Amino acid sequence: MSNSNSTNTNKKPRWKLLHQYYTYTGFYNFLGRSMMKAAIPIAAFIAVVLGIHFFVMDINDILIYVTENFHPIGVLTVFFASESILGLIPPEIFIAWAGKFVNYQWYLLALLGILSYLGGIISYFVGRGFAAIPSVFVYLEVKMAKHIKNMRKWGGLLIIAGALLPLPFSISSMAAGIIKFPFGSFLLFGLLRLLRFAIYGIAIFGAL
């Protein structure tokens, strides 16, 4: 009887076994909680933007002012720095900025996606560098204990979630570097970051 059960288990499709693993290890619960946490700052950001738009100054006027008074290289540099250091500024702001360059908006969107992807790679190597310094590694294992633990459990799926969803991609990338997640696989999974920018671009450009 036990052999029969073992045979049935072995015959389960890989996707079903992975689904069971992610269910048992709490990945779906983690994803739901993270999305709920991310929804709060996103909602607050939208509320602030709408408040400025309706009570202070038209957001489109602000974006036009930025496009006319700040060189694109400077704006892109700020964005790249943000994406390389914990994703401090919401990328939606920069996507909306790109939308004001009517003739170049898709080129700028592609550039933003590439810079975000490269920022994730920098975060990965920052994590690798930290892992090579014992004292810093021990400190980060405490400070980033949850992210490191989750990366060890879920690996590539957590990178995919960070790339596609409103979750901190930079932190996921750094955690991947700290545990020395295979770099080739990281590059492959991280490419989905470009898809997120394409989806956001379509949504934001359509609303502008």
Side-chain angles (χ1 to χ4, degrees), residues 34-127 129-130 143-144 147 159-177 186-187 189-208:
S34 297
M35 291 294 289
M36 288 294 292
K37 288 180 181 178
I40 295 174
I42 289 173
F45 171 73
I46 293 174
V48 170
V49 169
L50 290 176
I52 294 173
H53 180 72
F54 288 111
F55 300 108
V56 181
M57 184 178 182
D58 191 298
I59 289 297
N60 284 306
D61 291 340
I62 295 175
L63 292 172
I64 291 171
Y65 175 83
V66 172
T67 59
E68 291 177 347
N69 292 275
F70 294 90
H71 197 283
I73 292 178
V75 177
L76 292 171
T77 300
V78 171
F79 172 74
F80 181 58
S82 172
E83 291 295 280
S84 303
I85 309 171
L86 306 182
L88 300 176
I89 307 175
E92 292 79 10
I93 295 176
F94 297 93
I95 296 174
W97 163 79
K100 289 295 139 187
F101 293 87
V102 178
N103 296 324
Y104 304 99
Q105 58 184 10
W106 291 106
Y107 296 105
L108 284 172
L109 179 67
L111 186 54
L112 288 172
I114 292 170
L115 288 175
S116 180
Y117 179 60
L118 294 175
I121 294 174
I122 288 177
S123 295
Y124 174 90
F125 281 109
V126 167
F130 285 157
K143 287 294 181 180
M144 297 180 62
H147 293 288
I159 296 170
I160 291 172
L164 282 176
L165 302 176
L167 302 175
F169 181 57
S170 178
I171 293 178
S172 297
S173 301
M174 189 180 296
F186 169 79
L187 290 177
F189 295 139
L191 281 173
L192 289 170
R193 189 69 172 169
L194 303 178
L195 178 60
R196 180 190 174 185
F197 273 77
I199 294 171
Y200 274 52
I202 292 170
I204 293 176
F205 292 170
L208 290 174

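Keep in mind that what you see is a predicted model, and the values were worked out from it rather than measured. We number each residue from 1, following the sequence as shown.
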Requested in this report: Report the residues that fulfil side-chain contact (heavy atoms from CB on, under 4.5 Å) with Ile171, sequence neighbours left out, ordered by chain and then residue number.
Outcome: Leu86, Met144, His147, Pro168
Query - Nearest non-hydrogen partners of Tyr200 and Ile95, listed with the distance - result: CB-CD1, 3.6 Å
Query - Residue pair Leu112 / Phe79: nearest heavy atoms and the distance that separates them - result: O-CE2, 3.2 Å
Report task. Could you list the residues that satisfy side-chain contact (heavy atoms from CB on, under 4.5 Å) with Leu194, not counting sequence neighbours? Result -> Ile114, Tyr117, Leu191
Report summary line: Here the salt bridge (Lys or Arg N to Asp or Glu O under 4.0 Å) pairs for residues 114-127, sequence neighbours left out, are none
Taking distance alone, no hydrogens or angles, what donor-acceptor pairs closer than 3.5 Å link side-chain atoms of residues 118-125 to residues at least two apart or in another chain?
residue, atom, partner, partner atom, Å
Ser123, OG, Ser84, O, 3.1
Ser123, OG, Gly119, O, 3.2
Ser123, OG, Ser170, OG, 2.8
Tyr124, OH, Arg128, NH1, 3.0
Tyr124, OH, Phe181, O, 2.4

**Report entry** Test log, rule side-chain contact (heavy atoms from CB on, under 4.5 Å), inputs Phe189 and Leu164
**Finding:** CA-CA 10 Å; Phe189 295 139; Leu164 282 176; over 6 Å; no
Report task. With sequence neighbours excluded, tell me which residues meet ring pair (Phe, Tyr, Trp, His ring centres under 6.0 Å) with Tyr104. Result -> none
Query raised in the report: Which heavy atom of Ala198 sits nearest a heavy atom of Leu109, and at what distance?
Result: CA-CD2, 4.3 Å
Report summary line: In terms of heavy-atom contacts, Phe101 and Thr67 come closest through CE1-CG2, 3.4 Å
Report summary line: Between Arg193 and Ser116 the two heavy atoms that sit nearest each other are NE-OG, 2.8 Å
**Report entry** Residue pairs fulfilling salt bridge (Lys or Arg N to Asp or Glu O under 4.0 Å) with at least one residue in residues 102-122, sequence neighbours excluded
**Finding:** none
Requested in this report: Calculate, to the nearest 0.5 Å, the distance between atoms CD1 and CD belonging to Ile204 and Glu92 respectively.
Outcome: 5.5 Å
Query - For Ser172, side chain to side chain donor-acceptor pair (under 3.5 Å) partners two or more places apart - result: none
Report task. Please work out whether the ring planes of Phe186 and Phe169 are parallel, tilted or perpendicular, with thresholds of 30° and 60°. Result -> parallel
